[in-house]
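Residue indices begin at 1 and follow the sequence shown. Please read all numbers here as calculations on a predicted model, not as lab measurements. As the structure lists them, so they are numbered: ligands from 1, and atoms in each ligand from 1. What you see below is based on every heavy atom in this structure, not just the backbone, and it leaves out hydrogens, waters and symmetry mates.
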Amino acid sequence: MAKYCGSKYAVAFNSGTSALHGAYFALGLKKGDEMITSPNTFVASSNAGLYLGANVRFGDIELETGNIDASKIETSENTKLITPVHYSGNPVDLKELSEIDNVKIIEDGAHALGAVYDGKKIGSLKYSEMAMFSFHPVKHITTGEGGIIVTNDEEYYERLQLFRSHGITKNNLVNESHGDWYYEMQELGFNYRITDIQCALGLSQLKKLDSFVKARRRIASIYNEIFEDNPYFDVTIEKEGRKSAYHLYPILLKDKFIKSKKEIFAKLRANGLGVQVHYIPVYKQPYYQKLGFKMDLCPVCEEFYKRELSIPMYPTLSDEDIEFVKETLFEVFGDF
Ligand SMILES: *Cc1c(COP(=O)(O)O)cnc(C)c1O
């Protein structure tokens, strides 16, 4: 994975979530520190900060990509970390984020394995400390469950390994060794190890990754073409110099259809189209509500959530499938 991304090190975990937990730990995120992430994500991006006692804040997003809006981020003196999420696989403006003073960046790349920013793969880490990828079955490649952190920094690399295995090490001892059996528990780590059996699957999957990404991008370019100027919905945009890995293909309902989204969704499902919504803004979750977040905290994210539907996107989608997606969408939207 390090070789694929163009990074120096990679440390595998038993999930993307535990990998994020490890990365935030390796960075030194702790109680009282603040981290900022996107609300348009799976709950794990921010949960991993809560595990360490950090204060989570959310930055609003851009409507045209669903990514965090770097120009609107306001940091405080306690802000230590920004975790951008490359939503749908579409790269965030990493350069602009990196120009924010005194914060470190850890990328949530769960959607973005194989995506390209400024000619380099996500995970090449020009603008960030670490990047996470997930190997959950819905992601680009899978190990059943699993995840990984890539980094160029040897100290992070060592702390990631420590955290993954109970905080136990045989290197860089604090006390004097008692003999060859000696090990030390230096931090409160977890058992977050991935198994060799899962890694064997991952290695075989990795060989197919480029063909998977190519297939997703081909499907996206057909979708882009057949949905151009349609009267029902808009699609997200790929900004210049970026190539999305298209984990998702989000569509955004035009004004007239917003009020019928629930019915449209149900009808699409009833007609055999496996649509989904990504995501319910994280701060709306009851647990986050208990923490005191406002129900409509981020106006653009609210707008995105009202409009967004994800339509089928996976490498084996055939040309006939694509035609079926189009016909079903146009037929159902036509009834509203
Ligand atoms: C899947 C996902 C995760 C968590 O990965 P798991 O391997 O399921 O733990 C985190 N962030 C995002 C954006 C994801 O899509």
Side-chain angles (χ1 to χ4, degrees), residues 1 10-25 29 35-52 54 56 58-59 61 65-68 81-92 94 97 105-115 122-123 128 130-150 160 163-164 190-195 198-199 201-202 205-206 209 212-213 216 236 244-250 276-285 287-288 301 304-305 308 310 313-314:
M1 278 292 293
V11 182
F13 284 77
N14 58 8
S15 76
T17 305
S18 58
L20 269 184
H21 191 188
Y24 295 175
F25 169 85
L29 192 73
M35 68 163 282
I36 298 175
T37 189
S38 170
N40 187 29
T41 185
F42 183 58
V43 293
S45 315
S46 49
N47 284 356
L50 297 180
Y51 297 160
L52 291 162
V56 169
F58 295 101
I61 63 171
T65 61
N67 280 332
I68 196 161
L81 167 69
I82 297 177
T83 299
V85 180
H86 303 292
Y87 172 80
S88 78
N90 198 1
V92 167
L94 288 168
L97 277 182
I105 296 171
I106 295 176
E107 298 168 67
D108 181 333
H111 299 180
L113 187 53
I122 292 298
S128 66
M130 295 175 249
M132 178 279 275
F133 301 102
S134 162
F135 305 135
H136 180 276
V138 303
K139 306 293 162 63
H140 287 67
I141 59 172
T142 187
T143 57
E145 292 269 7
I148 206 161
I149 300 295
V150 291
L160 287 162
F163 192 72
R164 178 177 63 175
F190 289 78
N191 178 354
Y192 276 168
R193 295 183 303 264
I194 191 169
T195 65
Q198 289 168 292
C199 289
L201 172 57
Q205 286 267 290
L206 191 53
L209 174 57
F212 289 162
V213 174
R216 286 172 182 271
T236 55
S244 174
Y246 284 106
H247 169 57
L248 305 171
Y249 191 91
Q276 189 49 278
V277 172
H278 297 91
Y279 285 96
I280 303 164
V282 173
Y283 53 76
K284 280 188 164 3
Q285 295 296 346
Y287 186 82
Y288 281 80
C301 192
F304 194 88
Y305 176 55
E308 201 273 345
S310 302
M313 169 54 82
Y314 49 88

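- Residue H136 holds the heavy atom nearest to atom 8 (O) of ligand 1 of all those in H136, H111, H278, H247.
- Within ligand 1, the atoms closer than 4.0 Å to a non-hydrogen atom of T41 are 13 (C), numbered from 1 in the order shown.
- With a 4.5 Å cut-off on side-chain heavy atoms, F58 and T37 count as touching.
- G146 counts as a contact of ligand 1, since one of its heavy atoms falls under 4.0 Å from the ligand.
- Side chains of V150 and F133 form a contact here, defined as non-hydrogen atoms less than 4.5 Å apart.
- Heavy-atom separations between Y279 and ligand 1 include at least one value shorter than 4.0 Å.
- Separating the CE atom in M130 from the CD1 atom in I148 is a distance of 13.5 Å, to the nearest 0.5 Å.
- Listed here is the closest heavy atom pair of V43 and Q285: CG1-CG, 4.1 Å.
- Ring pair H140/H247 is tilted by interplanar angle, where 30° to 60° counts as tilted.
- On a distance-only criterion, G16 and ligand 1 share at least one N/O pair closer than 3.5 Å.
- Residue E145 places no N or O, backbone or side chain, under 3.5 Å from any N or O of ligand 1.
- If you check the side chains of Y288 and S46, you find a donor sitting under 3.5 Å from an acceptor.
- For ligand 1, the atoms lying closer than 4.0 Å to a non-hydrogen atom of S15 are 7 (O), 9 (O).
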